[in-house]
There are 2 protein chains.
Amino acid sequence: MITSSATPPAARTAAPPSKRQAGAGLLAAELRVAIMRSSRRLRAEAASRDISPGQYSVLAAILHGPLTVGQLAEREMIQAPSMTRIVNGLESAGYVTRGENPLDKRQVLVQITEDGSAILRKARSRRTQWLAKRVAALSPEERETLREAARILQEMSAV
Amino acid sequence: MITSSATPPAARTAAPPSKRQAGAGLLAAELRVAIMRSSRRLRAEAASRDISPGQYSVLAAILHGPLTVGQLAEREMIQAPSMTRIVNGLESAGYVTRGENPLDKRQVLVQITEDGSAILRKARSRRTQWLAKRVAALSPEERETLREAARILQEMSAV
DNA sequence: TATTGTTATACTCTATAACTATA
DNA sequence: TATAGTTATAGAGTATAACAATA
């Protein structure tokens, strides 16, 4: 891996915009690979037979209160028909119920059930398990680095 | 997947060495959210009309030398027929060529073309662009944290 | 007339099973 | 017989378009 920050980017063009910019570009490339690879691994390790990734996201979203189909679709960045499909699956499994909004009868409020909460907790602990094992094997300094990195990444993704 | 974005601030300061295991579990949960959210954002921002994610991976894999269909399938963790499909798409677009292995005529060596290299470079810079902009806006300390975190994540995913 | 959600239909990417051509 | 790759077919998960109910 090319991680040595001491090495000047001589291989690049003779007049880079600035040393800071070039370093940021290199870091971005490394970081992208690290994030995409980790996410792929996490997704694979977390694979659950209980619920699909899409169903998981929906349950997590409505854990602290019901949302409409439209709100869920927007949140998951998918179209309404796709969300209807996901909700159908969750409803027939007994993990959510459809309710009416008395103030606007066009809307459908998707609410989590007790079974839904239980399956979410189960899936969540499974998803974290693989990572927790590896995190526990790190040094305290490495853990602190990851803790800080998690915060930075959250802020970057939120923008 | 949208857990409470309001991470309890108390949890960060109240992580004494005595609760090392519990801290690792909490960190794992935070880290998972950060990684999955970042990867989703990266995927969305990098979306290219030129080539699909699967095609991108294949081009990147054979950039420094041809590989067989079987090797590519194993590398991408998909079945051979799926890889045949991806290679078909790349071949008809002129981004790869199929070659024979003289030592074993059953095998098909997938080799990248000049056009394939060009489209890969283009897609790669696009994929990094969004992240590079945000990385450039960070402080030098934050960048160093991410650099170190990228290294740790790579090692964790490699195991 | 506009909006919310559903149904109908199609596309993409994946898988398994059966086939071919080599080994 | 076994292996590498392809073809045939099916199953998720997504999308757009058309529709019903409500605002």
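Naming: A, B, ... by sequence-line order, numbering from 1 per chain. Everything numeric in this text was worked out from a predicted model, so none of it was measured.
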Worksheet item: So which of residues 56-65 of chain B are in contact with DNA chain C, with a heavy-atom cut-off of under 4.0 Å?
Response: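 Per residue number, the list is empty: none.
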Worksheet item: Applying side-chain hydrogen bond (donor to acceptor under 3.5 Å, both in side chains), which residue pairs with at least one partner in residues 80-90 of chain B are found, sequence neighbours left out?
Response: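 For residues 80-90 of chain B, and leaving out neighbouring residues, the side-chain hydrogen bond (donor to acceptor under 3.5 Å, both in side chains) pairs sorted by first residue read Asn88(B)-Arg98(B).
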For the residue pair [X] and [Y], what are the closest heavy atoms and their distance?
| X | Y | value |
| --- | --- | --- |
| Gln154(A) | Glu30(B) | NE2-O, 4.1 Å |
| Arg32(A) | Arg127(B) | CD-O, 3.5 Å |
| Met36(B) | Ser39(B) | O-OG, 2.9 Å |
| Gly94(A) | Thr113(A) | O-OG1, 2.7 Å |

Worksheet item: Is Glu76(A) reaching over with its side chain to a backbone N or O of Ala73(A), donor-acceptor style, under 3.5 angstrom?
Response: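 No.
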Worksheet item: Counting distance only, does the side-chain N/O of Thr128(B) pair as donor-acceptor with the main-chain N or O of Ser125(B) below 3.5 Å?
Response: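 Flag not set: sc Thr128(B) to bb Ser125(B) has no pair under 3.5 Å.
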Practice prompt. Would you please name every residue forming a side chain to side chain donor-acceptor pair (under 3.5 Å) with Arg41(A), sequence neighbours left out?
Written response: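 If we apply the side chain to side chain donor-acceptor pair (under 3.5 Å) test to Arg41(A), skipping adjacent residues, the hits are Glu45(A).
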Discussion item. Among residues at least two apart in sequence or on other chains, which ones pass side chain to side chain donor-acceptor pair (under 3.5 Å) with Gln129(A)?
Written reply: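 For Gln129(A), no residue satisfies side chain to side chain donor-acceptor pair (under 3.5 Å) once neighbours in sequence are set aside.
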Fill in: Terminal helix-axis angle for the helix from dT1(C)-dA23(D) to dA23(C)-dT1(D), with five pairs defining each axis and rounding to 10 degrees
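Comparing the first five pairs with the last five, the axes sit 10° apart.
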Worksheet entry | First and last nucleotide of DNA chain C, 5' to 3', lying under 4.0 Å from heavy atoms of chain B |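 First-to-last contact on DNA chain C, by the 4.0 Å heavy-atom rule, is dC13(C) to dA23(C).
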Worksheet item: When clusters are formed from ILVMFWY side-chain contacts under 4.5 Å, directly or step by step, what else is grouped with Val110(B)?
Response: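 Under the 4.5 Å side-chain rule, Val110(B) groups with Ile51(B), Tyr56(B), Val58(B), Leu59(B), Ile62(B), Leu63(B), Leu67(B), Val69(B), Leu72(B), Ile78(B), Met83(B), Ile86(B), Val87(B), Leu90(B), Tyr95(B), Val96(B), Val108(B), Ile112(B), Ile119(B), Leu120(B).
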Worksheet item: Going by heavy atoms closer than 4.0 Å, what residues in residues 91-98 of chain A are next to DNA chain D?
Response: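 Of all residues in residues 91-98 of chain A, none places a heavy atom under 4.0 Å from DNA chain D.
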Worksheet item: Which value, rounded to the nearest 0.5 Å, describes the distance between Glu141(A) atom CD and Ile152(B) atom CD1?
Response: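 Result: 10.0 Å between the selected atoms.
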Practice prompt. Select from Asn88(B) and Ala80(A) the residue whose nearest nucleotide in DNA chain D is closer to the 5' end of that strand.
Written response: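 Mapping each residue to its closest nucleotide by heavy atoms, the 5'-most match is Asn88(B).
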Discussion item. The test is salt bridge (Lys or Arg N to Asp or Glu O under 4.0 Å); show your working for Arg147(B) and Glu142(B) and say whether it passes.
Written reply: CA-CA 9 Å; Arg147(B) 203 182 307 273; Glu142(B) 287 175 320; over 6 Å; no
Discussion item. Between Leu146(A) and Leu153(B), is the side-chain contact (heavy atoms from CB on, under 4.5 Å) condition met? List the steps.
Written reply: CA-CA 9 Å; Leu146(A) 289 185; Leu153(B) 288 177; 4.3 Å; yes
Between protein and nucleic acid, restricted to nucleotides 17-23 of chain D and to nitrogen or oxygen atoms under 3.5 Å apart, what atom pairs and distances do you find?
{"residue": "dA23(D)", "atom": "OP1", "partner": "Lys105(A)", "partner atom": "N", "Å": "2.9"}

Filtered N/O pairs between nucleotides 12-14 of chain D and protein, under 3.5 Å:
none

Fill in: Glu74(B) atom CD: more than 12 heavy-atom contacts under 6.0 Å
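Result for CD/Glu74(B): open.
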Worksheet item: Among pairs that include at least one residue of residues 99-111 of chain B, which meet salt bridge (Lys or Arg N to Asp or Glu O under 4.0 Å), considering only residues two or more places apart or in two chains?
Response: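 As it turns out, the salt bridge (Lys or Arg N to Asp or Glu O under 4.0 Å) pairs with a partner in residues 99-111 of chain B, which skip direct neighbours, are Asp104(B)-Arg106(B).
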Worksheet item: Does Glu114(B) have any side-chain contact (heavy atoms from CB on, under 4.5 Å) partners at least two apart in sequence or in another chain, and if so, which?
Response: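 With sequence neighbours excluded, Glu114(B) shows a side-chain contact (heavy atoms from CB on, under 4.5 Å) to Ser117(B), Arg121(B), given in chain and number order.
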Practice prompt. Could you verify whether a donor N or O on one side chain and an acceptor N or O on the other, from Ser38(B) and Ser157(A), lie under 3.5 Å apart?
Written response: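 A donor-acceptor contact under 3.5 Å links the two side chains.
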